[in-house]
Trainee: 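Here's a structure for you.
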Amino acid sequence: LLKNNSNILVIGSGAREHALAWKLSKSSYAGQIYVAPGNGGTQQFAHNVDIQPTNIKQLVEFAQASSIEFVVVGPDDAFAAGVVDAFHAAKIKIFGPTRKAAQIESSKSFSKTMMQQAKIPTARFQVFTDYDEARAYAQQQPLPLVIKADGLALGKGVYICKTGKEVTAALQEMMVEKRFGAAGERIIIEQYLQGEEISIHALTDGKDILMFPSSQDHKPIGEGNTGPNTGGIGVIAPVPGYGWGFVQEAKARVIDPVMSAMADQGAHFDGCLYPGLMVENGDYSVLEYNARFGDPEAQAYVRLMESDLLQVLHRGVEQGFADYSIDWKPGFAVSVVIVSEGYPGSYERGNIISGLEQAAAQEGIELFHAGTIFKDGQYLTNGGRVINVTATADTVKRALERAYKAAKLISFKDMYYRRDIGAQYRG
Ligand code: AMP
Ligand code: GLY
């Protein structure tokens, strides 16, 4: 069982990991929180440990030396590298999927084939490893077309191509120039789907499942959903009109069948299973399955969760989720992600961030840091996504007003954020 004063290790350095560490730190069972490698925000209340998420051997050694009781992981590449398998071997409790189960995210061809077998609605697709064959197939298909690198590419390996020229350029970049390295040697060509994106999160112990409220990320960098896709730059949760009825139906349609299909392949999924849905006229398809918490979805979820996150995740690993539930606060949570101009392309680092304290002091606000470092008494930018301004309130409109009011108090050179997060739900 969970001990008092348990030392916890959180793996990752984004705002998602800041948010998870922050919520875990509020547990009555939490001892010292360590974050590897962490950021300028996590050093405020946790110990940052200078080890990268995929440096698994060193993470395990650190955990053994620091009496870590429980490990929580953020990023996909750590799961794909087998972080869970390594901690299991070391007999240290960890929440998340094994390397084999994480393939549902780390290989899009694995995931799409699984969806096809389990009869889960998804866009029509073909897998290619040969450039000429891919190009010949693409020329036969109606536009727009979606071209995806098979492997992990920091959320940037998906190209929506509206012209034949864009298709050729995408195939060139991935298969010939190898922009995503080995991740792009195999690619998927997929039918373009229209509609509204909804994120679903399900915590599973391999058998029983706890559903989170719905949420909505915003992917493109530009207002009105224009420009290239980012890793995610704004979120609202729950999404009005997508209540518990919708979530329970999504469980039956896209979580239960995939859990069975995974189990049939000997890859029981434990952890957070997060499908992205494309919804149109009440019907939907799965865009992809992620094997982890969403970023920025997690930043909103920790603000809504009433239950003790450490107890919830530990329960999943020890006793399981049968006869268990999570308590959620009423109302809504939103997050506006402040980035460095240029992201998702190149951007400057090392710019001084001001106004954080004033912003954090506003009603209903919590700031979660992503690409920041704390140096000589100052916070500096250190990444594309820099700060998440999260707000809660009784309505989406009120939560957005709070978040944007706080965001205005923050400033740094080349600061940018979308002003239209949740715009269609502002009412
Ligand atoms: P994925 O990593 O597969 O979820 O793709 C990243 C983003 O690209 C999604 O969140 C969507 O915004 C977009 N996308 C992916 N696949 C499609 C598709 N078939 N049709 C339209 N948009 C898509
Ligand atoms: N919300 C986008 C992602 O976590 O992949």
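Any value given below was found using the heavy atoms of this structure, including those in side chains, with hydrogens, waters and symmetry copies removed. Not measured: the values here are computed from a predicted model. Atoms within each ligand, like the ligands themselves, are counted from 1 in listed order.
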Trainee: Please state which part of Gln194 comes within less than 4.0 Å of ligand 1, counting heavy atoms only: side chain, backbone, both or neither.
Mentor: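 Contact part for Gln194 vs ligand 1: neither.
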Trainee: Mind checking whether Phe374 and His369 have ring centres under 6.0 Å apart?
Mentor: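 No: the rings miss the under 6.0 Å criterion.
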Trainee: Quick one: nearest non-hydrogen protein atom to atom 11 (C) of ligand 1, plus distance?
Mentor: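 The protein heavy atom lying closest is Glu197 OE2, 3.0 Å.
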Trainee: Side chains of Asn48 and Thr42: do they bring a donor and an acceptor to under 3.5 Å?
Mentor: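 Looking only at side-chain atoms, Thr42 and Asn48 do form a donor-acceptor pair, the distance falling under 3.5 Å.
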Trainee: Quick one: are the ring centres of Phe332 and Tyr425 less than 6.0 Å apart?
Mentor: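 No, they do not, as the ring centres are separated by 6.0 Å or more.
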Trainee: Heavy-atom contacts with Lys108 under 4.0 Å: which atoms of ligand 1 show up? List them by number with element.
Mentor: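 It comes down to these atoms of ligand 1: 1 (P), 2 (O), 3 (O).
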Trainee: With no hydrogens and no angle check, just 3.5 Å: does a side-chain donor-acceptor pair link Glu297 and Ser215?
Mentor: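 There is no such pair between these side chains.
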Trainee: Examine the side chains of Ser109 and Asp150 and answer whether a donor and an acceptor come within less than 3.5 Å of each other.
Mentor: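 Ser109 vs Asp150: donor-acceptor pair found between side chains.
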Trainee: Return the residue, atom name and 0.1 Å-rounded distance of the protein heavy atom closest to atom 19 (N) of ligand 1.
Mentor: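 For this ligand atom, the closest protein heavy atom is Glu190 OE2, 2.7 Å.
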Trainee: Of the options Arg303, Gln44, Gln299, which is the one that meets Trp22 in a side-chain contact (heavy atoms from CB on, under 4.5 Å)?
Mentor: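 That would be Arg303.
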Trainee: Go through ligand 1 atom by atom and flag the ones less than 4.0 Å from a non-hydrogen atom of Tyr192.
Mentor: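 By the 4.0 Å cutoff, the relevant atoms are 20 (N), 21 (C).
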Trainee: Measure the distance from atom 5 (O) of ligand 1 to every protein heavy atom, then report the residue, atom name and distance (to 0.1 Å) of the closest one.
Mentor: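 For atom 5 (O) of ligand 1, the nearest protein heavy atom comes out as Val158 CG2, 3.4 Å.
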Trainee: Would you kindly say whether Ser27 and Asp308 are connected by a side-chain donor-acceptor distance under 3.5 Å?
Mentor: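 Yes, because at least one side-chain N or O of Ser27 sits under 3.5 Å from a partner of the opposite role on Asp308.
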Trainee: I'd like to know if the side chain of Tyr159 pairs up with that of Glu173 as donor and acceptor (distance under 3.5 Å, no hydrogens or angles considered).
Mentor: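 Tyr159 vs Glu173: donor-acceptor pair found between side chains.
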Trainee: Which protein heavy atom lies closest to atom 17 (C) of ligand 1, and at what distance to 0.1 Å?
Mentor: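 Looking at atom 17 (C) of ligand 1, the protein heavy atom closest to it is Leu287 CD2, 3.5 Å.
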Trainee: Can you name the side chain to side chain donor-acceptor pair (under 3.5 Å) partners of Asn290, sequence neighbours left out?
Mentor: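 Side chain to side chain donor-acceptor pair (under 3.5 Å) list for Asn290, sorted by chain: Glu288, Arg292.
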Trainee: Taking only heavy atoms of Lys219, which atoms of ligand 1 are found under 4.0 Å from at least one of them?
Mentor: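 Listed by number with element: 9 (C), 10 (O).
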Trainee: Among Lys112, Glu190, Gln191, which residue meets the side chain to side chain donor-acceptor pair (under 3.5 Å) test with Thr122?
Mentor: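 The passing option is Lys112.
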Trainee: Just checking, any donor-acceptor pair under 3.5 angstrom between side chains of Thr54 and Asp77?
Mentor: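 Distance-only check fails for Thr54 and Asp77.
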Trainee: Among all protein non-hydrogen atoms, which one is nearest to atom 16 (N) of ligand 1, and what is the separation to 0.1 Å?
Mentor: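 Its nearest protein heavy-atom neighbour is Lys148 NZ, 3.0 Å.
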Trainee: Starting from atom 18 (C) of ligand 1, find the nearest protein heavy-atom neighbour and note its residue, name and distance.
Mentor: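 Result for atom 18 (C) of ligand 1: Val146 CG2, 3.5 Å.
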Trainee: Looking only at protein heavy atoms, identify the closest one to atom 21 (C) of ligand 1 and say how far it is in Å.
Mentor: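 Heavy-atom neighbour on the protein nearest atom 21 (C) of ligand 1: Leu193 O, 3.1 Å.
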Trainee: Which part of Ile160 is near ligand 1, with near meaning a heavy atom under 4.0 Å away: side chain, backbone, both or neither?
Mentor: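 Answer for Ile160: side chain.
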Trainee: Hey, would you say the Phe128 and Tyr137 ring centroids sit under 6.0 Å apart?
Mentor: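 For Phe128 and Tyr137, the ring centres are under 6.0 Å apart.
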Trainee: Among all protein heavy atoms, pick out the one at the shortest distance from atom 7 (C) of ligand 1; state its residue, atom name and that distance to 0.1 Å.
Mentor: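 Result: Asn229 ND2, 3.5 Å.
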Trainee: Check ligand 2 for close polar pairs with the protein: N or O on both sides, less than 3.5 Å.
Mentor:
from     : atom 1 : to     : atom 2 : distance (Å)
ligand 2 : 1 (N)  : Asp217 : OD2    : 2.7
ligand 2 : 1 (N)  : Tyr274 : OH     : 2.9
ligand 2 : 1 (N)  : Asp295 : O      : 3.1
ligand 2 : 1 (N)  : Glu297 : OE1    : 2.7
ligand 2 : 1 (N)  : Glu297 : OE2    : 3.1
ligand 2 : 4 (O)  : Arg292 : NH1    : 2.9
ligand 2 : 4 (O)  : Asp295 : N      : 3.0
ligand 2 : 4 (O)  : Asp295 : O      : 3.4
ligand 2 : 5 (O)  : Arg292 : NH2    : 2.7

